[in-house]
Amino acid sequence: MDAVKAFLRHPSGMAGFVLLIIVLIVAITAPVLFPVSPWEMSGTPFTPPGEDGMWLGGDTLGRDVAAGVAHGARVSLLIGIASALAAMTIGVMIGAISGYFGGKVDLVLMRVTELFQTVPAFILAILLVATFSPSLLTIILTIGAVSWPPLARLTRAEFLRLRGREFVEAALCQGESTARIVLGHILPNAISPILVVVSLTVATAILLESALSFMGLGDPNLMSWGFMIGAGRTVIRQAWWMSVFPGLAILVTVLAINLFGEGLSDVLNPRVSRRRA
Amino acid sequence: MNRREFTAAMLAASAAIPLGITRAAGQPKGGTLNTIIQPEPPILVTAFNQQQPTLTLGGKIYESLLKYGADLKPLPGMAQSWEVSPDGLTYTFKLFPGITFHDGKPMTSEDVVFSCMKVLTETHPRARQNFARVASAEAPDPLTVVFKLKQPFAPFLGCFDCTSAPIVPKHIYEGTEFRKNPMNDKAIGTGPFKLKEWVRGSHVHLVRHDGYYRKDQPYLDEIIYRIIPDSASRALALENGTVQLVQWSDVEFFDVQRFKSQKNLAYTTKGYEYFAPHQWLEMNNRVAPMNDKRFRQAVMHLIDRDAMNKRVYFGNAKVATGPISSKTKFYDPKVKRYDFSVEKAITLLDEMGLKPGANGKRAEIKYLVPPYGEVYQRAGEFFRQSFSKAGIDLVLVGTDMAGWADKVGNWDYEMTQNLLYQLGDPALGVARTYISSNIKKGILFSNTQGYSNPEVDRLFEEAAVALDEAKRQELYSKVQQILVEEVPVAWTLELEYPIIYDKAFKEIVTTGIGSHETFGSVYKS
Amino acid sequence: MTGTRSTARIGLLVAAWIVRLVAIILVIATFNFVLVRAAPGDPAMVMAGQSGAADPKILDDLRKEYGLDKPYLVQLGTHLARVLTLDLGYSYRQRRPVLDLILERLPATLLLTLTAFCLALLIGTTLGALAGLVAGSIADTVFTVLSLLLYATPVFWLGLMLVLVFSVTLGWLPPFGYETINAKHTAIERIFDIMKHMIMPVISLAAIYLAIYARLMRSSIIEVSHQDFIKTARAKGLARPRIVVSHMLRNALVPVVTVAGMQAGALVGGAVVIETVFAWPGLGRLTFEAVLQRDYPVLLGIFLILSVIVIALNLVTDLIYRLIDPRMTTEAA
Amino acid sequence: MTNPSVQDKASVLSVEKLSIALPEGGDRPFAVEDVSFAIGRNEVVCLVGESGSGKSMIAHAILSLLPKGVDIVSGAVKVVGQDTAALDRRALRRLRGGKAAMIFQEPLSSLNPLKRVGEQIEETILTHQQPVPPAAAIKARVQELLTQVGLPNPSLLANSYPFELSGGQRQRVMIAIATANQPELLIADEPTTALDVTTQRQILRLIDDLRRERGMGVLLITHDFGVVADVADRVVVLRHGKVVEHGSVEQVLRNPRDPYTRELIDAVPKAHVKSRESASHATPLLDVVELRKTFRVKRGWLQPPREVVAADGISLTLHQGETLAVVGESGSGKSTLGRMIMRLTEPDSGAIRLGDQDLRLLRGEALRQARRGLQIIFQDPFSSLDPRQKVGDAVARGPMAYGTARDEAMAQARQLLARVGLTPSAADRYPHEFSGGQRQRICIARALALRPKVLIADEAVSALDVSVQAQVLALLAELRREMQLAMIFITHDLRIAAEIADRVIVLQHGRIVEEGPTAAVFTNPREAYTRDLLDAIPGRRFFDQPNFARQREALA
């Protein structure tokens with residue numbers, strides 16, 4: 001548990017962790033804090049912040065922006081985490097196969113990975129969501145589908161590095177099976193840099209979701225931050241609060257996750273973190 | 001009224017209109033009008049595309065035989081006079097002399113016949129139906145056009161506005177594949193303005209057509225249509241004077257209030273009489289529970305249409321009472337009224353046996369959000385909240401334009417919102433939504449909800465061919481009563497799009513087609 | 001090591017890149033084609049539906065025109081053959097050749113993305129290098145906090161906030177568009193006018209990449225400063241500025257350039273959002289419109305062109321990389 | 001000069017009571033404590049010690065190149081009479097690379113990879129010579145320096161990048177940089193550790209030549225007493241940051257006073273061939289026939305791959321209880337040979353017969369079963385243990401993979417750990433809790449857990465300090481006798497080969513150049529290459545001939 005201790009001593013990592021906990025608490029308690037649906041048109045349109053019992057103001061239809069921000073935390077975190085996990089599943093699988101088996105398999109898989117990295121990810125995401133029409137599932141799968149290449153490359157690199165490590169060769173010489181070598185030796189040693197990148201993928205996934213929602217390609221039944229900013233964009237003159245607050249929410253959440261992820265990275269694998277941006 | 005008297009009356013009427021050709025000089029010439037076109041039209045030839053922006057822009061370039069006033073009565077366009085035979089089968093139009101196309105070639109009756117019978121019947125879905133009623137069209141001399149109908153059609157004289165029957169040059173299109181003609185880029189018409197430059201994604205620049213047949217017109221030197229996809233930016237452009245005119249949904253409804261009070265700007269909701277945009281919540285009548293009249297009536301009770309007008313449309317609408325707009329001929333206000341009442345709705349739902357389930361929900365219905373901008377999104381959100389009060393769960397389904405057109409056209413939807421134009425006459429713009437013969441799979445803006453009532457079919461058909469106004473009114477009143485009782489769709493609002501313009505510009509709105517008009521008479525003081 | 005040999009190598013490299021480009025283009029074209037066909041919705045319906053009321057004849061005509069009635073494989077074959085002859089098809093919605101549509105939007109997008117890219121790279125690496133050199137100081141901490149904030153800011157939101165401050169509140173900058181239309185400017189005035197319109201979109205687009213490059217450069221400088229040859233340089237008695245300029249910067253740039261190349265795709269993607277926010281008449285907006293209208297030929301064309309741009313940017317960064325690092329000229333591509 | 005305690009007025013370097021503090025949280029408060037010594041002109045002083053003894057710290061302190069957080073807390077360093085602590089930055093810069101120069105262990109990373117070699121030399125000249133000489137003169141000087149350090153074709157070389165040179169060439173370039181401004185003091189921090197023995201000999205000779213020509217004082221830092229014996233005038237022995245012994249080479253090496261020094265010197269493999277009667281059996285245990293392997297390194301698009309021949313028809317036999325040493329310089333293919341026998345690297349052709357099976361033809365489960373009889377110990381004790389696996393598991397996992405019950409395997413593991421000199425409780429700990437030597441013992445235990453017939457040791461002791469090295473070698477020798485193991489011992493160090501092997505194979509460029517009983521090869525080599533290798537063994541003559549008095553000129 002040295003890692004935990006080291007993390008506790010990591011100032012920016014802890015700052016991120018605390019912020020993240022706050023966002024999580026807001027997300028979990030949103031139905032308690034704002035029992036009325038964030039879609040309920042309870043106030044007058046364009047209520048400025050503080051008036052009419054709405055601390056963050058009201059939107060075009062008189063809905064409470066604060067309720068939207070709180071409920072939006074659930075959506076953003078859900079989509080962020082779920083799509084990062086989707087990306088991880090794809091990326092680790094491809095990277096592991098590529099890195100462990102090498103040769104032609106590796107060549108083909110890496111070409112595919114490169115292709116996915118070459119096509120502008122956001123435009124691909126727009127195309128995918130628009131093609132299969134926006135819903136929670138399609139958005140998660142889409143973000144997963146455009147976010148996996150870095151994870152695949154990292155996993156591959158880790159597998160390549162570890163496969164050549166002498167303890168893996170020793171395990172081979174000791175007669176251990178391929179499955180045990182991969183699951184028992186390589187994966188546990190590769191997992192910490194992968195987890196770090198997955199945590200950072202959550203942040204980019206949240207940004208991607210917000211950008212999609214902003215462009216009107218979000219799930220119309222979900223009050224997400226990107227959707228709120230998109231809805232507030234045209235009325236920025238009348239109601240700056242409609243776009244400012246959800247934007248700050250994204251900023252804080254993404255910042256928290258980045259800080260947390262980097263702290264994690266510094267603690268778990270100083271070797272990788274020095275190379276990363 | 002015999003034929004001569006009829007013509008004379010028409011001529012007199014036209015002379016009384018300020019826009020008539022008799023109105024001579026006095027207006028200052030010159031000046032530039034900056035306005036907005038949104039979204040960017042794919043093409044400027046109105047014969048080939050009838051989207052609203054195409055018509056707004058193309059209306060300056062292409063003219064037709066007639067115009068329509070705010071009362072939807074015909075006025076001279078390129079035709080200076082017209083007469084209708086007493087049997088309602090023969091229509092004879094006399095053209096103004098000296099009309100030329102933008103390329104300098106003269107426009108004659110041959111061009112009119114070619115345009116109506118060859119081009120529009122191929123490329124213009126609405127005109128195709130109108131001219132399908134024509135048995136023969138002839139050009140006895142260069143200034144005379146004669147249409148002979150197969151059977152009487154009361155609103156035939158309403159088919160010649162510049163959006164329904166634009167005249168294109170025969171010498172350019174004859175014998176070519178119309179849609180692929182390279183001259184489409186040049187947009188050669190007879191209107192007071194011609195195309196100078198079109199920078200895609202940026203602006204369309206129109207300049208005066210010096211050979212225009214109406215004396216001194218146009219007064220303006222040029223009109224610039226800017227393409228500004230972002231509505232906040234459009235509002236700002238109007239506010240800081242970058243543009244001097246906005247129309248349709250160029251500025252969002254919530255911005256309108258602000259501009260109403262801006263001193264240098266004039267605000268009007270006139271100029272949409274011909275279109276009378278009519279909006280409703282469309283329900284697929286084939287699918288339960290929407291196949292039950294009581295459910296549809298409950299829906300009418302559930303929607304607080306005043307609140308919807310206030311919150312979503314910011315007061316830029318009127319509550320609709322039935323299928324025909326209060327701005328359209330033959331509107332009858334004496335129909336059943338559905339007040340906003342959740343209780344009445346719940347009673348109706350209980351009555352039909354749609355009881356709340358274990359989770360407190362009576363039904364879950366998919367609502368297809370039309371992909372035409374934010375207001376539609378907001379309206380969907382409004383419906384969802386309204387329905388939730390009676391335990392009906394509306395699930396919004398986002399889609400793109402293709403998906404929406406495909407799903408609605410192929411009846412693969414449960415609920416959506418729709419907006420149709422009334423086109424000046426119930427026979428042209430209303431009947432299409434309700435008659436059984438227009439249940440056509442794959443075709444948008446038909447009777448997509450699948451409502452069918454033989455009585456309604458009969459009433460609409462009789463009203464279309466009847467020539468007597470009173471008789472028509474009687475038939476339409478009856479049809480309105482039946483439809484309002486049966487609620488094939490839940491009419492919500494008659495939208496009142498604004499036209500907002502700099503007061504320095506005069507004669508912006510002169511007819512019932514408002515911003516689609518030629519603007520030949522617009523001048524800057 | 002001679003000039004002709006390295007020129008020949010670069011030539012060979014470019015040739016290899018072109019082969020690769022064609023291969024990738026074909027794969028992407030196929031991928032797009034399959035994806036777009038997998039979508040629900042009938043393109044003929046859309047085009048006709050827009051006209052107000054469709055009828056089966058028009059739909060049939062459109063299907064024939066676009067070959068939608070033929071088997072998918074035939075459509076794909078025709079599509080690939082066309083792509084290779086640079087014929088990106090015809091947009092029936094816009095009624096114009098796709099290549100024309102793209103080419104007239106391309107300059108605006110290139111102007112925006114390249115300016116943002118260069119600016120981000122230039123300022124980012126400079127700031128990052130400075131921060132790396134004073135690592136641990138207050139200035140470095142301020143820099144780190146700022147870059148982290150920028151890194152977490154949604155691009156479109158940053159754009160909106162700029163509009164809110166500089167256009168709505170202060171009224172200093174035009175909130176949208178590419179230039180003042182019909183302003184009858186002289187050439188120079190026009191350039192300034194365009195520059196004025198570019199300020200906010202470029203800043204919004206560049207910000208996040210500036211943060212990325214700066215952070216990367218900072219850690220790269222720190223890493224390089226710990227390397228043995230810096231110790232050698234110090235042992236040689238070199239002054240610090242000379243060590244920084246002559247030994248650290250170039251070595252530190254190597255990973256930055258690599259990442260910069262990889263970010264090219266993301267940058268082009270970011271342009272879509274930014275062009276929407278600022279009504280910038282470029283490819284990004286065309287993409288979005290095409291997606292909403294399901295304009296198949298336009299979408300396919302845009303994806304190809306954007307991929308070509310990204311690959312070209314990759315090539316440029318790769319060449320720069322090789323210019324910086326002589327080891328790469330002899331090693332693997 | 002003979003009395004080290006006298007501070008020579010003419011000394012180019014004097015270190016007086018130097019203490020360097022480590023940052024808090026280090027394993028000891030001082031890196032270096034109370035160290036004093038001096039170097040006169042034309043004198044070579046060696047600073048010897050095992051890893052962590054603080055010898056590099058001293059070298060760095062001399063030119064004020066200590067890392068941040070590590071500071072001199074007391075004492076003084078005087079270079080050519082100047083107290084470095086009292087110098088301002090400018091003067092310090094003038095000193096560095098001017099009067100005092102330094103070279104480092106790893107010549108590749110010590111050169112800027114992105115600058116041409118010539119520029120890197122020019123830079124030193126430009127920095128130190130006022131007024132700046134004309135460009136042509138500098139170019140000429142660079143050529144001259146490159147020629148001096150014995151590099152062929154200096155004009156081509158000046159235009160090359162470091163990655164285009166061999167290790168020895170790079171170190172020569174480093175020396176050219178260091179000597180560009182005629183320094184009076186040259187500090188060489190393990191300058192030959194990364195190099196092959198023959199190259200090491202050349203570099204040491206070069207340093208010595210330059211020393212003599214210029215009368216430089218040289219501070220040579222090394223861990224190898226062989227090197228000390230070859231080049232030093234005086235020796236300073238360090239342990240845990242303190243000087244344990246200080247004196248002339250003869251004095252310290254022949255008659256060490258300090259027990260630690262003695263232990264170190266005793267631990268140095270002396271390349272004494274211990275005569276052993278090779279137990280020759282009729283049928284060999286392992287029979288390797290005509291192994292061939294060529295590596296193809298891809299060089300990007302459209303370029304032919306570079307080919308490296310790692311094995312060019314290698315045949316060898318190994319009998320039970322026999323130890324075969326495979327020696328050769330880096331790149332000779334010796335490690336590839338070991339890996340091919342283990343089937344970790346696939347040979348292109350040939351046969352590997354173990355008993356009656358040809359390993360090369362085996363796949364899948366048959367291969368797995370056959371591997372039992374062959375085990376390997378790797379060079380790096382840090383990377384050869386899974387950091388996330390307990391030591392006991394690491395040892396027991398092998399037998400378990402072949403069906404031994406877990407409890408039984410763990411019990412065996414504990415026994416084995418005890419046998420290799422660890423406490424049985426080591427089984428419950430993780431690798432990072434052990435030192436390098438202990439880890440290597442764990443690796444040995446792991447390899448032996450499967451009771452192999454053949455053990456391959458691939459540079460198994462190269463990464464260890466000399467005292468630990470001796471212990472591990474002793475352990476291996478014991479185990480070999482006890483278990484009648486046949487062993488292939490791969491090493492670059494001929495001294496170790498001489499100590500442990502019954503037979504020796506000398507490899508060069510993937511080919512066997514000489515093969516025979518250890519005694520024969522060492523005393524009477526047939527091939528010139530073998531002779532070169534033997535000649536290059538550091539300190540060989542000094543240790544071989546008890547009366548050999550070092551005559552430094554003999555090196556020339």
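No experiment lies behind these values; they were computed from the predicted model shown. So you know, we letter chains A, B, ... as the sequences are listed, proteins then strands, and number each from 1.
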Tell me, side chain or backbone of [X] under 4.5 Å from chain A's heavy atoms, or both, or neither?
X        : value
D:Ala394 : backbone
D:Asp380 : both
D:Ile376 : side chain

Only heavy atoms, only distances under 4.5 angstrom. Which residues in residues 429-443 of chain D are near chain A?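 Not one residue of residues 429-443 of chain D has a heavy atom under 4.5 Å from chain A.
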Answer with yes or no whether the side chains of [Y] and [X] bring together a donor and an acceptor at under 3.5 Å.
X        : Y        : answer
D:Thr294 : D:Glu307 : no
D:Arg480 : D:Thr323 : yes
A:Arg153 : A:Gln117 : yes

May I ask you to test the A:Ile79-A:Ile143 pair for a side-chain heavy-atom distance under 4.5 Å?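 They are in side-chain contact.
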If you tally heavy-atom pairs under 4.5 Å against chain A, which of D:Arg368, D:Arg388, D:Arg446 wins?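 With the most close heavy-atom pairs to chain A, the winner is D:Arg388.
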Can you list everything that forms a side chain to side chain donor-acceptor pair (under 3.5 Å) with D:Gln369? Sequence neighbours excluded, please.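 Listed in chain order: D:Glu365.
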Selection residues 350-364 of chain D - residue pairs positive for side-chain hydrogen bond (donor to acceptor under 3.5 Å, both in side chains), sequence neighbours left out: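 Non-adjacent pairs meeting side-chain hydrogen bond (donor to acceptor under 3.5 Å, both in side chains): zero.
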Determine which pairs satisfy ring pair (Phe, Tyr, Trp, His ring centres under 6.0 Å) with at least one residue from residues 5-29 of chain A, sequence neighbours left out, and list them in order.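 Those involving residues 5-29 of chain A are A:Phe7-A:Phe260, A:Phe17-A:Phe260.
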Look at A:Leu172, A:Val168, A:Leu162 and state which one has the largest set of heavy-atom pairs under 4.5 Å with chain D.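 Heavy-atom pairs under 4.5 Å are most numerous for A:Leu172.
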How far apart are the closest heavy atoms of A:Val196 and A:Gly261, and which atoms are they?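 In terms of heavy atoms, the two residues are closest at CG1-O, 3.6 Å.
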